[in-house]
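Just follow the structure's listing: the first ligand is 1, and inside any ligand the first atom is 1. Residue numbers run from 1 in the order of the sequence given. Values below: every heavy atom of this structure, side chains too, minus hydrogens, waters and symmetry copies.
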Amino acid sequence: MKITDAKVIVCSPGRNFVTLKVTTEDGLYGLGDATLNGRELAVASYLADHVIPLLIGRDARRVEDTWQYLYKGAYWRRGPVTMTAISAVDTALWDIKGKSLNVPVYQLLGGASRDAVMVYGHASGADIESTLHAVAEYLRLGYKAVRVQSGVPGMATVYGVGRGDFYYEPAEPGRPPECLWSSEAYLNFVPHLFERLRKEFGSAVHLLHDVHHRLTPIEAARLGKSLEPYHLFWLEDPVPAELQESFRLIRQHTTTPLAVGEVFNSVYDCQQLIQEQLIDYIRTTVVHAGGISHLRKIASLAELYHVRTGCHGATDMSPVCIAAALHFDLSVHNFGIQEYMRHSAETERVFSHAYTFSDGMMHPGDAPGLGVDIDEGLAAQYPYRRAYLPVNRRLDGTIHSW
Ligand SMILES: [Mg+2]
């Protein structure tokens, strides 16, 4: 089954997406998400200028061989641009394989390990009262798990606080927005937020919180310890994770479960974190960590060490990525939870999908392949708009992690 054509579709229905479409000699095609938020055109060029010429004429059925060919064949290994491009090819080939065998992709991955996939939504508000209101709305929709972020008194902008209750998009056209940050104000505030949440909503709902890489290990240890009475499902990205051993210090001080990995590209970014049992959830995604093929290897390593998966699922993961993630989530034994941020109405019109949400759970559907498609004509009506994620400064002007 030779690949006869492949192309990159760049569009911006509400936000930017890069999609790879691979077509075979018998007319089947597969889709892969290749969106790297804020650096989209680098991946588009990597695919169009360097990868697509290598795909033409290859056998679309050889998913693993193609992965290794692109990874080892590039000589320059890993990195977000390379791995996002490889992810897109891998995802598209799994889509084609499912379509060619007339089965949903999860059946090719060992079949369903569960009936449906628990997802968490994002509730936020400018202050505690509006945040409580947002959480109540998510619970009304049936969510069993909610990530909660709130404005902090004395800080003008805070990560994760959206403009509306159900849609949060941090990337903005133009130059990167600049935010100000105080770890001190944040650390003093967050325990009060979760104390109120548990008082208001009881102990049954799963509560999550994202630090977004902003603390030092000892600060994160303090936060984890202070949140223990409110038993979080997880504390996410407490510190930047380039230094994997930094999690050891956090671990020594708190039983609050830890999650990390949305910016990781490969198993080598989390090998130590997993093997030393320094985390509880690994958040690598299909689109940025080598596609379904490589994510399965990360999950297999994690399974040995009681680490569960919790794939990143922000709005910059296109519906193609979300579909692929749901097939992976449904099949992998050590699944934990899936992040699910609702896409804009424009995005939903451009990408049709078989996956569904009901009562806090999602299912990829039983359409052959990934069960997702792109309306190329409609996509063309939404041209690319350069956009950047914000940058962050401490109160004295020093650049800090956003
Ligand atoms: Mg996050």
Hydrogens and angles aside, do Glu236 and His212 bring a side-chain donor and acceptor to less than 3.5 Å of each other?
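Judged by distance alone, the side chains do not pair up.
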When you check the side-chain N and O atoms of Trp94 and Ser293, is any donor under 3.5 Å from an acceptor?
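A donor-acceptor contact under 3.5 Å links the two side chains.
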Taking the six-membered ring of Tyr138, is NZ or CZ of Arg147 closer than 6.0 Å to its centre and within 45° of its axis?
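Verdict for Tyr138: no cation-pi partner in Arg147.
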Ring-face cation contact, Trp181 with Arg393, 6.0 Å cut, 45° max
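The answer is no; the distance or angle limit is not met.
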Taking the basic N atoms (NZ, or NE/NH1/NH2) and the acidic carboxylate oxygens, is any pair closer than 4.0 Å for Glu303 and Arg296?
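Salt bridge absent between Glu303 and Arg296.
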Taking 4.0 angstrom as the limit, do Arg342 and Glu348 come out as a salt bridge?
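Glu348 and Arg342: not salt-bridged.
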Sorted by chain and residue number, which protein N/O/S atoms are under 2.8 Å from the Mg ion (ligand 1)?
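Listed by chain and number, the atoms are Asp210 OD2, Glu236 OE2, Glu262 OE1.
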